[in-house]
A.B. asks: 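Dumping the structure here so I can ask a few things about it.
So that the names make sense, note that chain A is the first sequence line, chain B the second, and so on, each numbered from 1.
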2 protein chains.
Amino acid sequence: MSIATENFLKEIYQLSQTPGGETKPGVVAEKLGISNAAATDMARNLAAKELIIYEKYKELRLTSKGQNLALALLRKHRLWETFLYRTLGINLSQIHNEAELLEHSTSDFLVSKIDSYLGEPAFDPHGDPIPQPDGKIPDTDELIRLSTAKQGQNYHVRRLSGSEDEFFEFCRDNSIDIGQSIEVEKHYPSQNSIAVKILGQRILLNNELAGKIYVEIKKY
Amino acid sequence: MSIATENFLKEIYQLSQTPGGETKPGVVAEKLGISNAAATDMARNLAAKELIIYEKYKELRLTSKGQNLALALLRKHRLWETFLYRTLGINLSQIHNEAELLEHSTSDFLVSKIDSYLGEPAFDPHGDPIPQPDGKIPDTDELIRLSTAKQGQNYHVRRLSGSEDEFFEFCRDNSIDIGQSIEVEKHYPSQNSIAVKILGQRILLNNELAGKIYVEIKKY
DNA sequence: AAAATAATTTAAGTAAACTTAAAAAACATA
DNA sequence: TATGTTTTTTAAGTTTACTTAAATTATTTT
(Lines give C-alpha, C1' and ligand atoms only; values in the text may rest on other atoms or scores of the structure.)
Protein backbone atom coordinates (compact mmCIF):
# COMPACT_ATOMS: atom_id res chain seq x y z
CA MET A 1 0.00 0.00 0.00
CA SER A 2 1.67 3.22 -1.15
CA ILE A 3 1.48 6.57 0.60
CA ALA A 4 -0.52 8.01 -2.31
CA THR A 5 -3.02 5.17 -2.04
CA GLU A 6 -3.35 5.50 1.71
CA ASN A 7 -3.95 9.22 1.52
CA PHE A 8 -6.50 8.79 -1.23
CA LEU A 9 -8.52 6.29 0.80
CA LYS A 10 -8.28 8.43 3.89
CA GLU A 11 -9.49 11.48 1.99
CA ILE A 12 -12.53 9.64 0.65
CA TYR A 13 -13.35 8.56 4.17
CA GLN A 14 -12.93 12.05 5.59
CA LEU A 15 -15.10 13.59 2.88
CA SER A 16 -17.78 10.99 3.48
CA GLN A 17 -17.86 12.13 7.13
CA THR A 18 -18.16 15.80 6.21
CA PRO A 19 -21.71 17.15 5.91
CA GLY A 20 -22.21 18.22 2.34
CA GLY A 21 -18.93 16.62 1.42
CA GLU A 22 -18.92 15.00 -2.01
CA THR A 23 -16.53 12.12 -2.63
CA LYS A 24 -16.07 12.98 -6.28
CA PRO A 25 -12.68 12.77 -7.98
CA GLY A 26 -12.45 16.53 -8.32
CA VAL A 27 -12.99 17.16 -4.63
CA VAL A 28 -10.48 14.50 -3.60
CA ALA A 29 -8.03 15.89 -6.14
CA GLU A 30 -8.33 19.37 -4.72
CA LYS A 31 -7.86 18.19 -1.15
CA LEU A 32 -4.77 16.19 -2.07
CA GLY A 33 -3.35 18.84 -4.37
CA ILE A 34 -3.31 16.67 -7.47
CA SER A 35 -5.02 17.06 -10.85
CA ASN A 36 -8.51 15.75 -11.58
CA ALA A 37 -7.02 13.39 -14.11
CA ALA A 38 -4.72 11.91 -11.49
CA ALA A 39 -7.67 11.37 -9.19
CA THR A 40 -9.66 9.55 -11.88
CA ASP A 41 -6.58 7.47 -12.59
CA MET A 42 -6.18 6.55 -8.95
CA ALA A 43 -9.89 5.81 -8.66
CA ARG A 44 -9.60 3.22 -11.44
CA ASN A 45 -6.56 1.66 -9.73
CA LEU A 46 -8.22 1.44 -6.35
CA ALA A 47 -11.35 -0.02 -7.89
CA ALA A 48 -9.21 -2.73 -9.52
CA LYS A 49 -7.85 -3.51 -6.05
CA GLU A 50 -11.41 -3.59 -4.70
CA LEU A 51 -10.74 -0.80 -2.25
CA ILE A 52 -13.40 1.48 -3.69
CA ILE A 53 -16.43 1.20 -5.93
CA TYR A 54 -15.98 3.37 -8.96
CA GLU A 55 -18.61 4.09 -11.56
CA LYS A 56 -17.85 6.80 -14.07
CA TYR A 57 -19.15 10.22 -13.08
CA LYS A 58 -20.44 8.89 -9.77
CA GLU A 59 -19.18 9.49 -6.26
CA LEU A 60 -16.38 7.24 -5.00
CA ARG A 61 -17.43 4.79 -2.31
CA LEU A 62 -15.16 2.79 -0.07
CA THR A 63 -15.60 -0.97 0.00
CA SER A 64 -15.42 -2.44 3.49
CA LYS A 65 -11.83 -3.43 2.72
CA GLY A 66 -11.10 0.16 1.74
CA GLN A 67 -12.86 1.54 4.77
CA ASN A 68 -10.91 -0.73 7.09
CA LEU A 69 -7.68 0.56 5.63
CA ALA A 70 -8.83 4.17 5.93
CA LEU A 71 -9.84 3.64 9.55
CA ALA A 72 -6.57 1.90 10.38
CA LEU A 73 -4.71 4.86 8.94
CA LEU A 74 -6.86 7.36 10.82
CA ARG A 75 -6.20 5.36 13.98
CA LYS A 76 -2.46 5.62 13.44
CA HIS A 77 -2.79 9.31 12.73
CA ARG A 78 -4.74 10.09 15.88
CA LEU A 79 -2.66 7.90 18.13
CA TRP A 80 0.47 9.61 16.84
CA GLU A 81 -1.13 12.99 17.52
CA THR A 82 -1.95 11.95 21.05
CA PHE A 83 1.55 10.65 21.56
CA LEU A 84 3.28 13.71 20.13
CA TYR A 85 1.10 16.00 22.22
CA ARG A 86 1.24 14.17 25.51
CA THR A 87 4.72 12.71 25.47
CA LEU A 88 6.76 15.15 23.45
CA GLY A 89 4.73 18.23 24.32
CA ILE A 90 4.27 19.30 20.71
CA ASN A 91 1.61 21.98 19.99
CA LEU A 92 -1.92 21.24 18.89
CA SER A 93 -1.22 23.13 15.68
CA GLN A 94 1.89 21.10 14.85
CA ILE A 95 0.95 17.52 15.71
CA HIS A 96 -1.23 17.09 12.63
CA ASN A 97 1.53 17.62 10.10
CA GLU A 98 3.97 15.35 11.88
CA ALA A 99 1.35 12.62 12.29
CA GLU A 100 0.49 12.98 8.61
CA LEU A 101 4.00 11.74 7.80
CA LEU A 102 4.43 9.18 10.57
CA GLU A 103 1.12 7.40 9.98
CA HIS A 104 2.47 5.88 6.76
CA SER A 105 5.56 4.44 8.44
CA THR A 106 3.86 2.75 11.34
CA SER A 107 3.55 -1.00 11.63
CA ASP A 108 0.56 -2.60 13.34
CA PHE A 109 2.97 -3.74 16.02
CA LEU A 110 4.19 -0.22 16.70
CA VAL A 111 0.74 1.32 16.75
CA SER A 112 -0.38 -1.21 19.35
CA LYS A 113 2.64 -0.34 21.50
CA ILE A 114 1.80 3.34 21.30
CA ASP A 115 -1.83 2.56 22.10
CA SER A 116 -1.01 0.69 25.30
CA TYR A 117 1.60 3.25 26.31
CA LEU A 118 -1.10 5.92 26.13
CA GLY A 119 -3.66 3.78 27.95
CA GLU A 120 -5.82 3.07 24.90
CA PRO A 121 -7.25 6.56 24.53
CA ALA A 122 -10.62 7.14 22.90
CA PHE A 123 -9.98 10.71 21.78
CA ASP A 124 -6.98 12.58 20.44
CA PRO A 125 -5.88 16.03 21.66
CA HIS A 126 -8.19 17.73 19.17
CA GLY A 127 -11.11 15.78 20.60
CA ASP A 128 -11.36 13.61 17.48
CA PRO A 129 -12.39 10.02 18.21
CA ILE A 130 -9.69 7.41 17.67
CA PRO A 131 -10.94 4.43 15.64
CA GLN A 132 -10.44 1.31 17.73
CA PRO A 133 -8.70 -1.88 16.55
CA ASP A 134 -12.08 -3.42 15.68
CA GLY A 135 -12.99 -0.40 13.54
CA LYS A 136 -15.51 1.01 16.02
CA ILE A 137 -15.46 4.74 16.54
CA PRO A 138 -15.93 6.17 20.04
CA ASP A 139 -19.19 7.98 20.60
CA THR A 140 -19.52 11.67 19.89
CA ASP A 141 -23.31 11.71 20.13
CA GLU A 142 -23.62 14.57 22.57
CA LEU A 143 -21.48 16.75 20.34
CA ILE A 144 -22.84 19.10 17.73
CA ARG A 145 -21.14 21.39 15.30
CA LEU A 146 -21.01 24.98 16.47
CA SER A 147 -22.50 25.95 13.11
CA THR A 148 -25.72 24.13 14.08
CA ALA A 149 -25.80 25.19 17.75
CA LYS A 150 -28.78 26.97 19.27
CA GLN A 151 -28.97 30.73 19.63
CA GLY A 152 -28.61 31.88 23.23
CA GLN A 153 -27.39 28.50 24.43
CA ASN A 154 -24.14 27.97 26.36
CA TYR A 155 -21.71 25.24 25.34
CA HIS A 156 -18.31 23.76 26.05
CA VAL A 157 -15.83 23.34 23.20
CA ARG A 158 -15.12 19.62 22.90
CA ARG A 159 -13.44 19.11 19.55
CA LEU A 160 -11.39 21.15 17.08
CA SER A 161 -11.58 19.12 13.95
CA GLY A 162 -9.50 20.88 11.33
CA SER A 163 -6.29 20.02 9.61
CA GLU A 164 -4.87 23.31 8.38
CA ASP A 165 -2.38 25.28 10.45
CA GLU A 166 -4.45 28.39 9.94
CA PHE A 167 -7.48 26.86 11.64
CA PHE A 168 -5.51 26.18 14.82
CA GLU A 169 -3.86 29.56 14.64
CA PHE A 170 -7.28 31.16 14.48
CA CYS A 171 -8.54 29.08 17.41
CA ARG A 172 -5.52 29.94 19.52
CA ASP A 173 -5.77 33.63 18.70
CA ASN A 174 -9.44 33.64 19.75
CA SER A 175 -9.25 31.50 22.89
CA ILE A 176 -11.13 28.66 21.24
CA ASP A 177 -9.68 25.76 23.21
CA ILE A 178 -11.01 22.40 24.27
CA GLY A 179 -13.06 22.83 27.46
CA GLN A 180 -13.63 26.53 26.81
CA SER A 181 -17.09 28.00 27.50
CA ILE A 182 -18.82 29.50 24.51
CA GLU A 183 -22.20 31.19 24.02
CA VAL A 184 -24.03 31.33 20.72
CA GLU A 185 -25.20 34.89 20.27
CA LYS A 186 -26.78 34.91 16.83
CA HIS A 187 -26.92 33.16 13.49
CA TYR A 188 -26.61 35.19 10.31
CA PRO A 189 -27.81 32.78 7.63
CA SER A 190 -27.44 35.24 4.80
CA GLN A 191 -23.83 35.89 5.82
CA ASN A 192 -23.26 32.17 6.37
CA SER A 193 -21.93 33.20 9.74
CA ILE A 194 -22.48 32.85 13.45
CA ALA A 195 -21.69 35.25 16.29
CA VAL A 196 -20.40 33.74 19.53
CA LYS A 197 -19.11 35.05 22.81
CA ILE A 198 -15.93 33.68 24.37
CA LEU A 199 -14.43 35.17 27.54
CA GLY A 200 -16.57 38.27 27.05
CA GLN A 201 -15.37 38.72 23.46
CA ARG A 202 -17.82 38.68 20.58
CA ILE A 203 -16.47 36.81 17.57
CA LEU A 204 -17.98 36.30 14.14
CA LEU A 205 -17.26 32.94 12.57
CA ASN A 206 -18.19 31.70 9.13
CA ASN A 207 -20.13 28.46 9.10
CA GLU A 208 -17.40 26.51 7.37
CA LEU A 209 -15.04 27.21 10.23
CA ALA A 210 -17.76 26.82 12.89
CA GLY A 211 -18.53 23.40 11.41
CA LYS A 212 -15.10 22.23 12.52
CA ILE A 213 -15.74 23.22 16.11
CA TYR A 214 -17.77 20.68 18.06
CA VAL A 215 -19.51 21.66 21.26
CA GLU A 216 -21.55 20.07 24.03
CA ILE A 217 -24.40 21.74 25.86
CA LYS A 218 -23.19 23.23 29.11
CA LYS A 219 -24.62 21.46 32.14
CA TYR A 220 -24.90 23.61 35.26
CA MET B 1 14.72 13.53 -1.02
CA SER B 2 13.03 10.20 -1.67
CA ILE B 3 13.22 7.16 0.59
CA ALA B 4 15.20 5.27 -2.07
CA THR B 5 17.72 8.11 -2.24
CA GLU B 6 18.04 8.35 1.52
CA ASN B 7 18.61 4.63 1.90
CA PHE B 8 21.17 4.62 -0.88
CA LEU B 9 23.20 7.39 0.74
CA LYS B 10 22.96 5.76 4.14
CA GLU B 11 24.14 2.45 2.73
CA ILE B 12 27.19 4.03 1.13
CA TYR B 13 28.02 5.65 4.43
CA GLN B 14 27.59 2.43 6.38
CA LEU B 15 29.74 0.47 3.93
CA SER B 16 32.44 3.12 4.13
CA GLN B 17 32.52 2.57 7.90
CA THR B 18 32.81 -1.21 7.58
CA PRO B 19 36.34 -2.61 7.49
CA GLY B 20 36.84 -4.24 4.12
CA GLY B 21 33.56 -2.77 2.97
CA GLU B 22 33.55 -1.72 -0.67
CA THR B 23 31.19 1.05 -1.74
CA LYS B 24 30.71 -0.36 -5.21
CA PRO B 25 27.31 -0.40 -6.92
CA GLY B 26 27.06 -4.17 -6.67
CA VAL B 27 27.60 -4.22 -2.93
CA VAL B 28 25.12 -1.42 -2.31
CA ALA B 29 22.65 -3.17 -4.60
CA GLU B 30 22.92 -6.40 -2.67
CA LYS B 31 22.47 -4.67 0.67
CA LEU B 32 19.40 -2.82 -0.54
CA GLY B 33 17.96 -5.78 -2.39
CA ILE B 34 17.91 -4.12 -5.79
CA SER B 35 19.60 -5.02 -9.08
CA ASN B 36 23.09 -3.87 -10.02
CA ALA B 37 21.58 -1.93 -12.88
CA ALA B 38 19.32 -0.04 -10.50
CA ALA B 39 22.30 0.85 -8.33
CA THR B 40 24.29 2.19 -11.28
CA ASP B 41 21.22 4.16 -12.29
CA MET B 42 20.84 5.65 -8.84
CA ALA B 43 24.56 6.40 -8.67
CA ARG B 44 24.30 8.50 -11.81
CA ASN B 45 21.27 10.32 -10.38
CA LEU B 46 22.93 11.07 -7.07
CA ALA B 47 26.07 12.25 -8.82
CA ALA B 48 23.95 14.68 -10.85
CA LYS B 49 22.60 16.00 -7.55
CA GLU B 50 26.16 16.27 -6.24
CA LEU B 51 25.48 13.90 -3.36
CA ILE B 52 28.12 11.41 -4.44
CA ILE B 53 31.15 11.31 -6.69
CA TYR B 54 30.68 8.70 -9.34
CA GLU B 55 33.31 7.56 -11.80
CA LYS B 56 32.53 4.49 -13.87
CA TYR B 57 33.81 1.27 -12.36
CA LYS B 58 35.12 3.10 -9.30
CA GLU B 59 33.85 3.07 -5.75
CA LEU B 60 31.05 5.49 -4.84
CA ARG B 61 32.13 8.33 -2.58
CA LEU B 62 29.88 10.67 -0.67
CA THR B 63 30.34 14.39 -1.17
CA SER B 64 30.16 16.40 2.03
CA LYS B 65 26.58 17.27 1.11
CA GLY B 66 25.82 13.57 0.72
CA GLN B 67 27.59 12.69 3.94
CA ASN B 68 25.64 15.31 5.85
CA LEU B 69 22.39 13.81 4.62
CA ALA B 70 23.53 10.28 5.49
CA LEU B 71 24.54 11.38 8.98
CA ALA B 72 21.27 13.25 9.52
CA LEU B 73 19.39 10.11 8.57
CA LEU B 74 21.54 7.93 10.82
CA ARG B 75 20.87 10.40 13.62
CA LYS B 76 17.14 10.06 13.11
CA HIS B 77 17.45 6.31 13.01
CA ARG B 78 19.39 6.04 16.24
CA LEU B 79 17.31 8.56 18.11
CA TRP B 80 14.18 6.66 17.12
CA GLU B 81 15.78 3.43 18.31
CA THR B 82 16.58 5.02 21.63
CA PHE B 83 13.07 6.38 21.93
CA LEU B 84 11.35 3.13 20.99
CA TYR B 85 13.52 1.20 23.41
CA ARG B 86 13.39 3.53 26.39
CA THR B 87 9.92 4.97 26.11
CA LEU B 88 7.86 2.23 24.49
CA GLY B 89 9.90 -0.68 25.84
CA ILE B 90 10.37 -2.30 22.43
CA ASN B 91 13.03 -5.05 22.16
CA LEU B 92 16.56 -4.50 20.96
CA SER B 93 15.86 -6.86 18.09
CA GLN B 94 12.75 -4.98 16.94
CA ILE B 95 13.69 -1.33 17.23
CA HIS B 96 15.88 -1.39 14.12
CA ASN B 97 13.12 -2.31 11.69
CA GLU B 98 10.69 0.22 13.09
CA ALA B 99 13.31 2.97 13.08
CA GLU B 100 14.18 2.04 9.49
CA LEU B 101 10.67 3.13 8.49
CA LEU B 102 10.24 6.09 10.82
CA GLU B 103 13.56 7.77 9.97
CA HIS B 104 12.21 8.78 6.56
CA SER B 105 9.11 10.47 7.98
CA THR B 106 10.80 12.58 10.58
CA SER B 107 11.13 16.33 10.27
CA ASP B 108 14.10 18.18 11.72
CA PHE B 109 11.68 19.72 14.17
CA LEU B 110 10.47 16.35 15.40
CA VAL B 111 13.92 14.85 15.71
CA SER B 112 15.02 17.75 17.87
CA LYS B 113 11.99 17.22 20.12
CA ILE B 114 12.84 13.55 20.51
CA ASP B 115 16.46 14.46 21.17
CA SER B 116 15.64 16.80 24.03
CA TYR B 117 13.02 14.45 25.44
CA LEU B 118 15.72 11.79 25.69
CA GLY B 119 18.28 14.18 27.14
CA GLU B 120 20.46 14.41 24.04
CA PRO B 121 21.88 10.90 24.23
CA ALA B 122 25.28 10.07 22.72
CA PHE B 123 24.63 6.36 22.17
CA ASP B 124 21.63 4.30 21.14
CA PRO B 125 20.52 1.09 22.90
CA HIS B 126 22.83 -0.99 20.71
CA GLY B 127 25.75 1.18 21.82
CA ASP B 128 26.02 2.80 18.39
CA PRO B 129 27.05 6.46 18.54
CA ILE B 130 24.34 8.96 17.59
CA PRO B 131 25.60 11.58 15.11
CA GLN B 132 25.11 15.00 16.69
CA PRO B 133 23.37 17.96 15.01
CA ASP B 134 26.76 19.34 13.93
CA GLY B 135 27.67 16.02 12.29
CA LYS B 136 30.19 15.03 14.97
CA ILE B 137 30.12 11.40 16.07
CA PRO B 138 30.59 10.57 19.76
CA ASP B 139 33.86 8.88 20.63
CA THR B 140 34.17 5.12 20.50
CA ASP B 141 37.97 5.12 20.74
CA GLU B 142 38.27 2.66 23.60
CA LEU B 143 36.12 0.16 21.72
CA ILE B 144 37.50 -2.57 19.50
CA ARG B 145 35.78 -5.21 17.45
CA LEU B 146 35.65 -8.56 19.19
CA SER B 147 37.15 -10.08 16.04
CA THR B 148 40.37 -8.13 16.69
CA ALA B 149 40.45 -8.58 20.47
CA LYS B 150 43.44 -10.09 22.28
CA GLN B 151 43.60 -13.74 23.23
CA GLY B 152 43.26 -14.31 26.96
CA GLN B 153 42.03 -10.78 27.61
CA ASN B 154 38.77 -9.95 29.43
CA TYR B 155 36.35 -7.44 28.01
CA HIS B 156 32.94 -5.86 28.47
CA VAL B 157 30.47 -5.89 25.58
CA ARG B 158 29.77 -2.27 24.71
CA ARG B 159 28.10 -2.28 21.31
CA LEU B 160 26.04 -4.69 19.19
CA SER B 161 26.24 -3.16 15.76
CA GLY B 162 24.14 -5.32 13.46
CA SER B 163 20.93 -4.74 11.60
CA GLU B 164 19.50 -8.20 10.91
CA ASP B 165 17.00 -9.81 13.28
CA GLU B 166 19.09 -12.97 13.29
CA PHE B 167 22.10 -11.18 14.72
CA PHE B 168 20.13 -10.01 17.74
CA GLU B 169 18.45 -13.35 18.14
CA PHE B 170 21.87 -14.97 18.23
CA CYS B 171 23.16 -12.46 20.79
CA ARG B 172 20.13 -12.92 23.00
CA ASP B 173 20.35 -16.71 22.83
CA ASN B 174 24.01 -16.60 23.83
CA SER B 175 23.87 -13.97 26.57
CA ILE B 176 25.75 -11.45 24.47
CA ASP B 177 24.31 -8.27 25.97
CA ILE B 178 25.64 -4.79 26.49
CA GLY B 179 27.67 -4.73 29.72
CA GLN B 180 28.24 -8.47 29.64
CA SER B 181 31.72 -9.82 30.57
CA ILE B 182 33.45 -11.77 27.85
CA GLU B 183 36.84 -13.49 27.63
CA VAL B 184 38.66 -14.15 24.39
CA GLU B 185 39.86 -17.73 24.53
CA LYS B 186 41.43 -18.31 21.14
CA HIS B 187 41.57 -17.14 17.56
CA TYR B 188 41.23 -19.66 14.75
CA PRO B 189 42.42 -17.70 11.72
CA SER B 190 42.02 -20.59 9.31
CA GLN B 191 38.40 -21.04 10.42
CA ASN B 192 37.87 -17.28 10.35
CA SER B 193 36.56 -17.73 13.84
CA ILE B 194 37.12 -16.79 17.45
CA ALA B 195 36.32 -18.73 20.63
CA VAL B 196 35.04 -16.73 23.60
CA LYS B 197 33.76 -17.51 27.06
CA ILE B 198 30.56 -15.93 28.37
CA LEU B 199 29.08 -16.88 31.74
CA GLY B 200 31.20 -20.04 31.76
CA GLN B 201 30.03 -21.05 28.27
CA ARG B 202 32.46 -21.44 25.42
CA ILE B 203 31.13 -20.07 22.10
CA LEU B 204 32.65 -20.10 18.63
CA LEU B 205 31.89 -17.00 16.58
CA ASN B 206 32.82 -16.34 12.99
CA ASN B 207 34.75 -13.14 12.46
CA GLU B 208 32.03 -11.48 10.45
CA LEU B 209 29.67 -11.74 13.40
CA ALA B 210 32.39 -10.94 15.94
CA GLY B 211 33.16 -7.81 13.94
CA LYS B 212 29.74 -6.46 14.85
CA ILE B 213 30.37 -6.88 18.56
CA TYR B 214 32.40 -4.07 20.09
CA VAL B 215 34.15 -4.55 23.40
CA GLU B 216 36.17 -2.54 25.88
CA ILE B 217 39.05 -3.89 27.96
CA LYS B 218 37.84 -4.84 31.42
CA LYS B 219 39.28 -2.64 34.13
CA TYR B 220 39.57 -4.32 37.51
C1' DA C 1 -35.17 22.35 -24.09
C1' DA C 2 -31.09 24.46 -25.79
C1' DA C 3 -27.00 26.59 -24.73
C1' DA C 4 -23.40 27.60 -21.70
C1' DT C 5 -20.57 26.11 -18.04
C1' DA C 6 -18.34 22.86 -15.18
C1' DA C 7 -16.63 18.42 -14.06
C1' DT C 8 -14.87 14.16 -15.54
C1' DT C 9 -12.58 11.21 -18.43
C1' DT C 10 -9.39 9.93 -22.03
C1' DA C 11 -5.10 10.48 -24.33
C1' DA C 12 -0.44 11.32 -24.45
C1' DG C 13 3.55 12.21 -22.04
C1' DT C 14 7.00 12.61 -17.91
C1' DA C 15 9.97 11.20 -13.90
C1' DA C 16 11.49 7.98 -10.46
C1' DA C 17 12.68 3.60 -9.36
C1' DC C 18 12.86 -0.33 -10.51
C1' DT C 19 13.34 -4.93 -13.88
C1' DT C 20 15.87 -8.33 -17.31
C1' DA C 21 19.08 -9.11 -20.97
C1' DA C 22 23.04 -7.98 -23.56
C1' DA C 23 27.44 -5.55 -24.07
C1' DA C 24 31.59 -3.80 -22.15
C1' DA C 25 35.08 -3.38 -18.80
C1' DA C 26 37.67 -5.07 -14.92
C1' DC C 27 39.60 -8.75 -12.37
C1' DA C 28 41.43 -13.27 -11.50
C1' DT C 29 43.77 -17.27 -12.89
C1' DA C 30 46.06 -20.66 -15.36
C1' DT D 1 49.69 -12.70 -21.29
C1' DA D 2 45.70 -14.76 -22.87
C1' DT D 3 41.48 -16.60 -21.24
C1' DG D 4 37.65 -17.04 -18.39
C1' DT D 5 34.84 -15.18 -14.80
C1' DT D 6 32.75 -11.55 -12.46
C1' DT D 7 31.15 -6.95 -12.18
C1' DT D 8 29.50 -2.94 -14.16
C1' DT D 9 27.22 -0.53 -17.53
C1' DT D 10 23.97 0.20 -21.22
C1' DA D 11 19.68 -0.65 -23.42
C1' DA D 12 15.02 -1.48 -23.43
C1' DG D 13 10.95 -2.12 -20.89
C1' DT D 14 7.59 -1.83 -16.64
C1' DT D 15 4.84 0.33 -12.91
C1' DT D 16 3.27 4.09 -10.11
C1' DA D 17 1.92 8.50 -9.73
C1' DC D 18 1.68 12.17 -11.54
C1' DT D 19 1.19 16.17 -15.59
C1' DT D 20 -1.38 19.02 -19.50
C1' DA D 21 -4.57 19.20 -23.24
C1' DA D 22 -8.48 17.61 -25.63
C1' DA D 23 -12.78 15.18 -25.70
C1' DT D 24 -16.77 13.75 -23.42
C1' DT D 25 -20.43 13.81 -20.12
C1' DA D 26 -23.07 16.10 -16.57
C1' DT D 27 -25.06 20.14 -14.64
C1' DT D 28 -26.77 24.69 -14.54
C1' DT D 29 -28.68 28.62 -16.50
C1' DT D 30 -31.43 31.10 -19.56
A.B. asks: Between A:Arg86 and A:Pro125, is there a side-chain heavy-atom distance shorter than 4.5 Å?
C.D. replies: no
A.B. asks: Would you mind checking if B:Glu98 and A:Lys113 are paired as a salt bridge, meaning a charged N to carboxylate O distance below 4.0 Å?
C.D. replies: no
A.B. asks: To check you understand the geometry: which heavy-atom pair defines the closest contact between B:Pro129 and B:Phe123, and what is its length?
C.D. replies: CA-CD2, 3.6 Å
A.B. asks: Answer yes or no: does a side-chain N or O of A:Arg44 lie under 4.0 Å from OP1 or OP2 of C:dT9?
C.D. replies: no
A.B. asks: Quick check on DNA chain D: between A:Ala37 and A:Asn45, whose nearest nucleotide comes earlier from the 5' end?
C.D. replies: A:Asn45
A.B. asks: Can you measure from NZ (A:Lys31) to OG1 (A:Thr18) and round to the nearest 0.5 angstrom?
C.D. replies: 6.5 Å
A.B. asks: Which whole-number value in Å describes the distance from B:Asp41 CG to C:dT20 C1'?
C.D. replies: 13 Å
A.B. asks: Using whole Å, what does the distance between atom P of nucleotide C:dA17 and atom CD of B:Glu6 come to?
C.D. replies: 11 Å
A.B. asks: Let me know the distance between NE2 of A:His104 and P of D:dA17, rounded to the nearest Å.
C.D. replies: 12 Å
A.B. asks: Between B:Thr40 and A:Ala39, just flag the one whose closest nucleotide in DNA chain D comes earlier from the 5' side.
C.D. replies: B:Thr40
A.B. asks: Taking CD from B:Glu55 and P from D:dT9, how many angstroms apart are they, rounded to a whole number?
C.D. replies: 11 Å
A.B. asks: So, OP1 or OP2 of D:dT7: does either fall under 4.0 Å of a side-chain N or O from B:Asn36?
C.D. replies: no
A.B. asks: Could you state the atom-to-atom distance from CD1 of B:Ile3 to C1' of C:dA16 in whole Å?
C.D. replies: 13 Å
A.B. asks: Looking at A:Leu110, A:Asp108, A:Leu102, which one forms a side chain to side chain contact (heavy atoms under 4.5 Å, CB included) with A:Lys76?
C.D. replies: A:Asp108
A.B. asks: May I have the distance from B:Leu46 (atom CG) to C:dA17 (atom C1'), rounded to whole angstrom?
C.D. replies: 12 Å
A.B. asks: Taking OP1 and OP2 of D:dT9, is either one under 4.0 Å from a side-chain nitrogen or oxygen of B:Tyr54?
C.D. replies: yes
A.B. asks: Report the residue (B:Lys24 or A:Lys56) whose heavy-atom-nearest nucleotide on DNA chain C is the more 5′ of the two.
C.D. replies: A:Lys56
A.B. asks: CE of B:Met1 versus C1' of C:dA17: gap in Å, rounded?
C.D. replies: 14 Å
A.B. asks: When all nucleic acid strands are considered with a 4.0 Å heavy-atom cut-off, which category describes A:Phe8: base, sugar-phosphate, or nothing?
C.D. replies: nothing
A.B. asks: To the nearest angstrom, how far is B:Ile34 atom CD1 from C:dA16 atom P?
C.D. replies: 15 Å
A.B. asks: Under 4.0 Å, counting only non-hydrogen atoms across every strand here, what does B:Ala38 touch: a base, just sugar-phosphate, or nothing?
C.D. replies: base
A.B. asks: Does a nitrogen or oxygen in the side chain of B:Ser35 sit under 4.0 Å from OP1 or OP2 of C:dC18?
C.D. replies: no
A.B. asks: By nearest heavy atom, map B:Tyr57 and B:Ser2 onto DNA chain C; which one lands nearer the 5' end?
C.D. replies: B:Ser2
